[in-house]
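Everything quoted here is computed from the prediction, not taken from an experiment. Each residue takes its place number in the sequence, starting with 1.
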Amino acid sequence: MNDDPHGGWPGQDPDPARRPQRPAGPPRRPAGGPPPGHGQRPGAHQQGPGQAPWQRQPGPPQQQPPPRRPQRPPVAPQHEPDLITHHEHNGTEHRYDGDRGYEEPYDDEYVPETDEDGKPVLTPAQRKKRRWRRIRRVLLALFCLFFVIPAIAFVITYFLVDVPSPQAVAATQGQAVTYYYADNTEMGKDVPKGGNRQILTPEQIPDIVKKAVIATEDASFETNSGFDIGGILRAVYNQVTAGKGGGSTISQQYIKVASGDDESSLTRKWTELAKSFKMNQTYEKKDIISAYLNIIYFGRGAYGIESAAQSFFGKPAGELNASEAALLAGLIQQPGRSENPKVANDRWNVALNRMVQNGFLSAADRANLQFPTPIPQADKQQAGVVNPFIRDKVKEELAANGITDDVYYTGGYKVYTTIDPKAQAAAEQAVADGMKGQTDENLLNALVAVDPKTGGVKAYYGGPSIVKGPDGKDQKGRDWANTPQNPGSSMKPFDLTAYLQLGKGGINSTFDGSNNRQFGKQTIRNAGPGSSCSAQCTVSEAMQRSANTVFYDMVVNVTKPGPVAQAAKDAGIKPAPEGASELYADNNIALGGGKTAVSPEDMAAAYATFAGDGQRRTRHFVAKVTNSQDEAAYSAPEEAKPAFSDNSDKSKQIAGNVTESLKGVIPFSKLKCPTGHECAGKTGTQQHTYRPGEPAWAKDANSQTWMVGYTPSIAVSVWVGGDGDKALKGKNGKAIFGSTIAGPIWQKFLSLYLNGKPGERFDKVKIIGDENAPVPSTQTPPDEDDGSSETGTPSTGPSTGPSSSRNEENPPSSSRNPPSSSENNGEEGGGNNGPGRGGGRGDTE
């Protein structure tokens, strides 16, 4: 019982000093009547014992106490057990609030500390606890995202996909590819030549073949479950670091070939992994490797190991030995380069080395193996079969745009080329007419025509596709249109381009064009009076006469070789490794000699940039490709960019100035433009290096000749030369030059192709440099009977050593008989090959 006369909560301490404060809120009244002093004014004395209200005396004035925080209710005595969610506090422990965290014990002075946003400031322990709680939640979410969900999705995918059989895959392979001309008429078909296509059983495939392929393609094949995590990680690493090598297993490669889908997407890769895993859960390893060998592409149009054995070695797969098996296994990675001897040899070595590493072949046996030479492959030129050189260029272009060699025969593709049937017929006729009467069996030729307005190749002739081999049997010919040769003076327009890009002069600028000029220890000479000019020779006249001394001076002392090589590349010449040509930036590049070599295809594409107002367009053979359902599979990009300057107008002006300088070359070389058409161009010749034991006439012979030129609608490159540095002679027994065989072929092609087409003229541009100076008129060629155009002047010294250098089209001395009028052109050529003779391949300096 509470005896406190002032009342209070049960268990409350009667001493006010010890009594805990009550929280804000209305006071609670104890039972038994109003509390003492109820209804009194603040500050009034309470009634003493036995006093009536009117007997109260005013006491001394008291100061009003400051307002106090609401008092917390007193702690109840431990009459009841605490709730399970509460904890007993001893006055020093923190009280936990589920919403606010831990709080300090209540007291009169406690005010929760908050930040500027009004949120409670947590202690370090509270912050650490909250941080770890968030980390745990993030880790859980990541685990679900990267493991649980993918695992569920993989299981679902596993049951939804099927693995196609080798028979089903084989039914889609080996489909002919149909080629069309630019006018949509059929050119021919490319039919697979893989030999006898058979699906072999595991017992019919030799173990050495299986081991060779496993070692080369997937060393973990026997143990992996259809995919190799280590291989995938290596592939990712190689992708990031631009390295080589993928991570696909044999099972994955089978699925990729079977589906015909090589798209670089996560969806495709995901499905591929599921199928390859299912394949390994469904079939034995011997069945999987056999299925793979029955559908994989080896090259030469051969799908499957039986076709490959027949195509490469003329025998069934069951008779393949270790060396032959290694070559075929190595070619799986690069089937499109199976005819490249170096590639084939390298891949053969890779396969054998991996067989030794995996214990499939002893080191001693490997050392005793010899490279197995495949049987010759000959493309029979039949009616209805596409030209093999055009086919090879098309396949190269398609491979670079996703239709690789291994899927080329699987889509029933229709290839619409840029080849114009009229232009192609004109090319073949022009070459045939130009070679009539020629008796030198070493003479070879090529012609390429490119549309300057689109970059499309209109005609492509690389020589005969079938030639006689050393044994007298037919074999595949070489594509001379794609074979680089020294360009001779057909390189001079790029000298001029680099000079115009400098902005220091133009085609009216003058150089010393006199003969036998000394450059350090090197003497450069012109062909003679017909190709020499004065000490104040304009660049335009020097181009017409093909004065070597002017352009050598221009490159060595003004532009330097590097910008010349860059100008040629900007125009469209593709040096290795992108293309076959080589632009070697030494002084020899000025006259197209030394190590500089350009293919006829590249030269036609580069001159097309001059014809196309300085706009470079990607040369191409394919306009579009459709599949068997006539769905678009590829379309050539329509792109053009200024070649010689970032500014299109400036690039056009440079190209137009080059064209202006090349116009005069045509009549000077005794050639003609097609009726109603303006044309421009340049000849070129490479001199033969005389060797002891050769006939006397070989001393003045040439090995390569060119004529490259264009109208506003077509650019044409013609090459007539030999396979390497061979002494060549024309039907009259004399040396050949750019204007003697190549020039007439070029002229004939243009007259045939442009016959009936509207006449065209080049756009006029401002002359760079001295714009007020008149453009020199076309020079008159020397008379054919004065002996000056090709006989030249006698050398000032012996015909050996740098001082007698002849980088020209004309004979080196007056000892040479004067040419006939057809050779009287006053033009030059490239230098020779031999050591100690300037102007040659690598010997100018």
Side-chain angles (χ1 to χ4, degrees), residues 452 489-511 513 533 536-547 550-555 558-560 563-573 590 592 603 605-617 640-669 673 677-684 708-713 715 760-779:
S489 287
S490 62
M491 196 73 190
K492 287 176 180 175
F494 306 113
D495 299 345
L496 176 56
T497 300
Y499 179 64
L500 295 173
Q501 286 177 311
L502 287 177
K504 296 181 179 179
I507 62 175
N508 288 317
S509 300
T510 59
F511 286 82
C533 53
Q536 295 295 315
C537 182
T538 66
V539 172
S540 182
E541 182 179 352
M543 185 69 79
Q544 292 176 28
R545 295 179 177 274
S546 205
V550 168
F551 289 95
Y552 196 83
D553 187 358
M554 178 187 293
V555 172
V558 183
T559 68
K560 306 303 180 184
V564 175
Q566 186 61 49
K569 186 176 180 181
D570 291 340
I573 292 177
M603 196 62 86
Y607 272 58
T609 301
F610 295 133
D613 295 329
Q615 293 289 314
R616 184 178 73 245
R617 294 170 173 83
K641 60 182 297 185
F644 309 122
S645 171
D646 292 336
N647 182 281
S648 294
D649 292 336
K650 182 64 176 178
S651 184
K652 179 177 180 178
Q653 185 184 23
I654 291 173
N657 275 252
V658 173
T659 297
E660 194 66 41
S661 74
L662 295 178
K663 288 180 183 179
V665 173
I666 305 302
F668 197 84
S669 299
C673 296
H677 296 266
E678 273 194 309
C679 65
K682 189 72 190 74
T683 52
V708 192
Y710 51 93
T711 70
S713 62
E760 297 174 298
R761 303 187 69 82
F762 296 112
D763 290 344
K764 294 295 182 181
V765 297
K766 291 184 177 181
I767 301 301
I768 295 175
D770 186 0
E771 299 183 3
N772 296 321
V775 177
S777 60
T778 301
Q779 301 295 314

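- Atom CD1 of Ile768 sits about 14.5 Å away from atom NZ of Lys504, to the nearest 0.5 Å.
- Among residues two or more places apart in sequence or in another chain, the ring pair (Phe, Tyr, Trp, His ring centres under 6.0 Å) test is passed with Phe610 by Phe494, Tyr607, Phe644.
- In plain terms, the two heavy atoms of Ser540 and Ser661 that are nearest each other are OG-CA, 4.1 Å.
- With values rounded to the nearest 0.5 angstrom, Cys673 atom SG is found 12.0 Å from Glu760 atom CD.
- Ile767 is listed as a side-chain neighbour of Asn657, based on a closest heavy-atom distance under 4.5 Å.
- In plain terms, the two heavy atoms of Glu541 and Cys533 that are nearest each other are OE2-CB, 3.7 Å.
- Closest non-hydrogen pair, Lys663 versus Glu678, comes out as NZ-OE2, 3.2 Å.
- One distance of note links CD of Gln536 with OG of Ser509; it measures 11.0 Å at 0.5 Å rounding.
- With Thr559 as reference, Leu502 is the one residue of Leu496, Leu500, Asp495, Leu502 to meet the side-chain contact (heavy atoms from CB on, under 4.5 Å) rule.
- To the nearest 0.5 Å, atom CE of residue Met491 and atom CE of residue Met603 are 6.5 Å apart.
- In this structure, Ser651 contributes its side chain and Ala643 its backbone to a donor-acceptor pair below 3.5 Å.
- Nearest approach of Ile666 to Ala680, heavy atoms of both residues: CD1-C, 3.9 Å.
- Inter-residue side-chain proximity for Met554 and Val539 is flagged as met; some heavy-atom pair is nearer than 4.5 Å.
- Side-chain contact check for Phe762 versus Pro712: some heavy-atom pair is nearer than 4.5 Å.
- Here the CG atom belonging to Asp763 is positioned 4.0 Å from the NZ atom belonging to Lys652, to the nearest 0.5 angstrom.
- A donor and an acceptor atom, one from each side chain of Ser669 and Lys682, are nowhere located under 3.5 Å apart.
- In this structure Lys569 satisfies the salt bridge (Lys or Arg N to Asp or Glu O under 4.0 Å) test with no other residue, sequence neighbours excluded.
- Taking each heavy atom of Val665 and Gln544 in turn, the nearest pair found is CG2-CA, 3.9 Å.
- Annotation: side chain to side chain contact (heavy atoms under 4.5 Å, CB included) contacts of Asn647 (sequence neighbours excluded): Ser645, Asp649, Lys650.
- Contact between Pro452 and Ala611 at its shortest, heavy atoms only, is CG-CB, 3.7 Å.
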Does Gln501 form a side chain to side chain contact (heavy atoms under 4.5 Å, CB included) with Asp570? I'd like the steps, not just the answer.
CA-CA 12 Å; Gln501 286 177 311; Asp570 291 340; 4.2 Å; yes
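- Taking the six-membered ring for Trp, Phe551 and Tyr499 have ring centres at least 6.0 Å apart.
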